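Everything on this sheet refers to the single structure shown next.
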There are 2 protein chains.
Amino acid sequence: MALVGTKPALIEGDVALRLGKKERQQRILQELQVHPHVRVATLAERFDVATETIRRDLDALSSDGLINREFGGASARPMGHQPDLAQRQLSAVAGFERIGMLAADMVRSGDVAMIDAGSTVAQIAPFLAARTTKLPRTFLTNCYAVVHGMAELADHEDVLMCPGQFNRRENAVYGNDTIEYLRRFHANIAFIGASGISRQGFSDVNRRAVAVKRAMMERSDETWLMVDHTKFDQRYLENVAPLEELTGIITDRQPEPEFASQLERAGIRLLAWREDTH
Amino acid sequence: MALVGTKPALIEGDVALRLGKKERQQRILQELQVHPHVRVATLAERFDVATETIRRDLDALSSDGLINREFGGASARPMGHQPDLAQRQLSAVAGFERIGMLAADMVRSGDVAMIDAGSTVAQIAPFLAARTTKLPRTFLTNCYAVVHGMAELADHEDVLMCPGQFNRRENAVYGNDTIEYLRRFHANIAFIGASGISRQGFSDVNRRAVAVKRAMMERSDETWLMVDHTKFDQRYLENVAPLEELTGIITDRQPEPEFASQLERAGIRLLAWREDTH
DNA sequence: TTGAAAAAGTTGGAAAATCAACACAAAACT
DNA sequence: AGTTTTGTGTTGATTTTCCAACTTTTTCAA
């Protein structure tokens with residue numbers, strides 16, 4: 001399989017140094033968060049690689065469901081905009097969505113769940129909405145993409161939105177009001193996202209988002225981290241917490257065995273999609 | 001120049017009928033609100049026109065700043081859904097939007113404004129975002145459609161979302177948390193919607209929405225009711241308040257003279273769109 | 001009716017992207 | 001060390017898009 005990444009070539013040219021596949025794809029994703037469209041030729045020039053390499057990157061990211069491939073480039077995926085997931089057969093579930101599916105399985109009937117902001121975490125929404133339960137559940141989130149993704153919940157199931165300052169880029173609210181509001185509740189389970197995860201813990205680029213994540217973790221019995229495979233071995237300045245504070249990690253691919261065994265030793269559960277069982 | 005549009009050809013074929021330039025471009029914009037990227041070839045086929053025509057459309061829309069032109073097609077502008085209203089000629093503002101435009105004029109630099117939920121009230125959003133002010137403004141709303149409509153506010157301008165139970169039909173939050181949160185603030189001005197308005201007052205179909213409207217009115221110096229002409233002489237079970245509690249009414253047509261004079265006697269201002277002044 | 005202006009269609013060569021196949025280098029594995 | 005896997009570059013035939021200039025059709029108004 002294509003699990004093990006190649007380390008960056010690190011060939012130092014005059015000024016720029018070549019990036020590995022992983023980092024390159026990560027940068028492409030970042031670029032797409034800012035601009036809604038990228039072009040093959042432009043990326044090839046920026047990263048100083050052949051256009052075919054970029055095309056392969058784009059095709060890979062696309063089949064993981066992370067971006068939309070277009071002629072001449074790729075475009076960002078609109079957040080919370082997959083209304084049809086519920087009906088599709090499980091076998092057809094593509095990469096990115098798998099994380100949401102695995103996560104939704106962790107919510108039990110009658111649970112109270114806190115759900116963080118971010119495109120990865122928002123994948124859980126349509127699958128939560130598709131479940132039928134005996135006891136009503138309650139969802140608490142600071143992210144509009146999440147509530148938007150829950151097509152139709154039963155009437156007796158509650159979706160609570162946090163207050164706060166609205167952030168257009170993340171489609172979420174942040175700030176003191178958000179934290180305070182969260183502290184009024186107690187949840188069984190929390191689903192958290194991150195910009196990057198490494199052996200030292202997981203981190204995020206947005207300081208205000210980090211505060212919300214911490215608040216959710218404090219007020220929940222269990223904390224599950226939802227990250228796709230491109231986030232592995234990425235570190236950002238704002239550290240959220242060490243891995244030990246997590247109940248488990250939900251991801252779309254089996255990580256490197258070394259990392260997996262570290263998790264096992266620390267008593268952290270790992271939910272990774274496996275082709276054979278689905 | 002390219003200001004005056006040609007009317008649609010309206011040549012009726014077997015099934016499809018050709019669209020005029022204006023409508024075609026309108027459709028392209030709509031398409032881009034759903035999908036982040038469109039392709040020249042696809043559009044040409046769908047509208048049954050030459051690719052060159054589509055290219056001209058795309059170039060035009062792009063130079064108006066409405067879309068981003070890309071190789072082979074075009075992509076949606078980052079997030080913002082309708083940042084264009086500011087540039088469009090005033091005469092092109094269609095019925096529903098007029099209410100929003102009139103309302104946005106009432107917000108002064110440095111104001112704190114509360115904004116209710118509902119499609120009519122949400123019309124104010126793009127026009128608020130288009131204004132440039134000397135002092136930062138603060139907006140407080142329980143409706144996602146409102147914040148979503150504010151394409152790009154300056155960074156120093158705050159948009160505060162209320163907490164509460166999310167209601168999918170209204171794209172808004174309601175409940176005790178919402179009320180409590182609103183009570184913590186004091187605003188200069190509030191914009192309220194209603195399902196119906198009559199001489200006796202204005203009313204709404206949703207009891208939980210009514211509670212929020214009352215809370216906003218309590219905490220604001222001024223209250224403006226935003227209603228389109230179809231709401232006149234309509235009464236619903238849940239009465240919100242008598243007309244006397246309003247500062248004014250904003251609507252898209254001159255109401256009957258009899259009603260207008262009643263408002264005048266009661267000291268309620270009336271802002272109704274008049275073709276001649278715009 | 002006639003004529004100017006706007007919109008849409010047509011054409012051909014240049015530029016760019018796609019796709020498939022193959023070659024090569026660097027890692028990773030045994 | 002030697003083999004396999006993985007990532008990347010290269011090439012060339014094919015398709016698609018772009019651009020500019022020109023023609024045709026439609027619209028509108030004098």
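Owing to the predicted nature of the structure, the values given are computational and were not obtained by experimental measurement. Throughout, a chain's letter reflects where its sequence line sits, starting with A, and its residues are numbered from 1.
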| remark: Bend of the helix from dT1(C)-dA30(D) to dT30(C)-dA1(D) from end-axis comparison, five pairs per end, nearest 10°, comes to 30°

| query | Among dG7(D), dG9(C), dC18(D), which nucleotide sits nearest the side chain of Val40(B)? | reply | dC18(D)

| What is the distance, rounded to the nearest whole Å, between atom CD of Glu256(A) and atom P of dA27(C)? | 15 Å

| Sequence-distant partners of Tyr144(B), ring pair (Phe, Tyr, Trp, His ring centres under 6.0 Å), two or more places apart | Tyr144(A), Phe166(A), His148(B)

| query | What's the closest nucleotide to the Arg69(A) side chain, out of dT8(D), dT18(C), dG9(C)? | reply | dT18(C)

| Atom-pair distance (NE2 on His37(B); P on dA17(C)), nearest Å | 12 Å

| request: Mind calculating the distance between CD (Gln25(B)) and C1' (dA6(C)) to the nearest angstrom? | output: 13 Å

| query | Taking NZ, NE, NH1 and NH2 as the nitrogens, is one of them in Arg98(A) or Asp252(A) under 4.0 Å from a carboxylate oxygen of the other? | reply | no

| request: To the nearest Å, give me how far apart CD (Glu70(B)) and P (dA17(C)) are. | output: 12 Å

| Tell me: CZ of Phe71(A) to P of dT14(D), nearest whole Å? | 16 Å

| query | With the threshold set at 4.0 Å, does a side-chain nitrogen-carboxylate oxygen contact exist between Asp59(A) and Arg56(A)? | reply | no

| How close or far is atom P of dG9(D) from atom CG of Leu43(A), stated in whole angstroms? | 14 Å

| task | Could you tell me whether Glu264(A) and Arg269(A) make a salt bridge, using a distance below 4.0 angstrom between a side-chain N and a carboxylate O? | result | no

| said: So, OP1 or OP2 of dG7(D): does either fall under 4.0 Å of a side-chain N or O from Arg24(A)? | reply: no

Between protein and nucleic acid, restricted to nucleotides 20-25 of chain C and to nitrogen or oxygen atoms under 3.5 Å apart, what atom pairs and distances do you find?
none

| Given atom CD1 of Ile54(A) and atom C1' of dC19(C), what is their separation to the nearest angstrom? | 17 Å

| From Met101(A) atom CE to Leu128(A) atom CG, the distance as rounded to the nearest 0.5 Å | 12.0 Å

| task | Quick one: pull up CD in Glu45(A) and CD1 in Ile54(A) and give me the separation to the nearest 0.5 Å. | result | 11.0 Å

| field | Minimum side-chain heavy-atom gap Met226(A)-Leu102(A) below 4.5 Å | value | no

| request: Look at the side chain of Val49(A) and decide which nucleotide, out of dC18(D), dG9(D), dA8(C), has an atom nearest to it. | output: dG9(D)

| query | Taking only side-chain nitrogens and oxygens of Arg55(B), does any of them come within less than 4.0 Å of OP1 or OP2 of dT17(D)? | reply | no

| Test: Asp64(A) and Arg253(A) ion pair at under 4.0 Å | yes

| request: Using side chain to side chain donor-acceptor pair (under 3.5 Å) as the criterion, point out the one residue from Arg24(A), Lys21(A), Lys22(A) that pairs with Asp57(A). | output: Arg24(A)

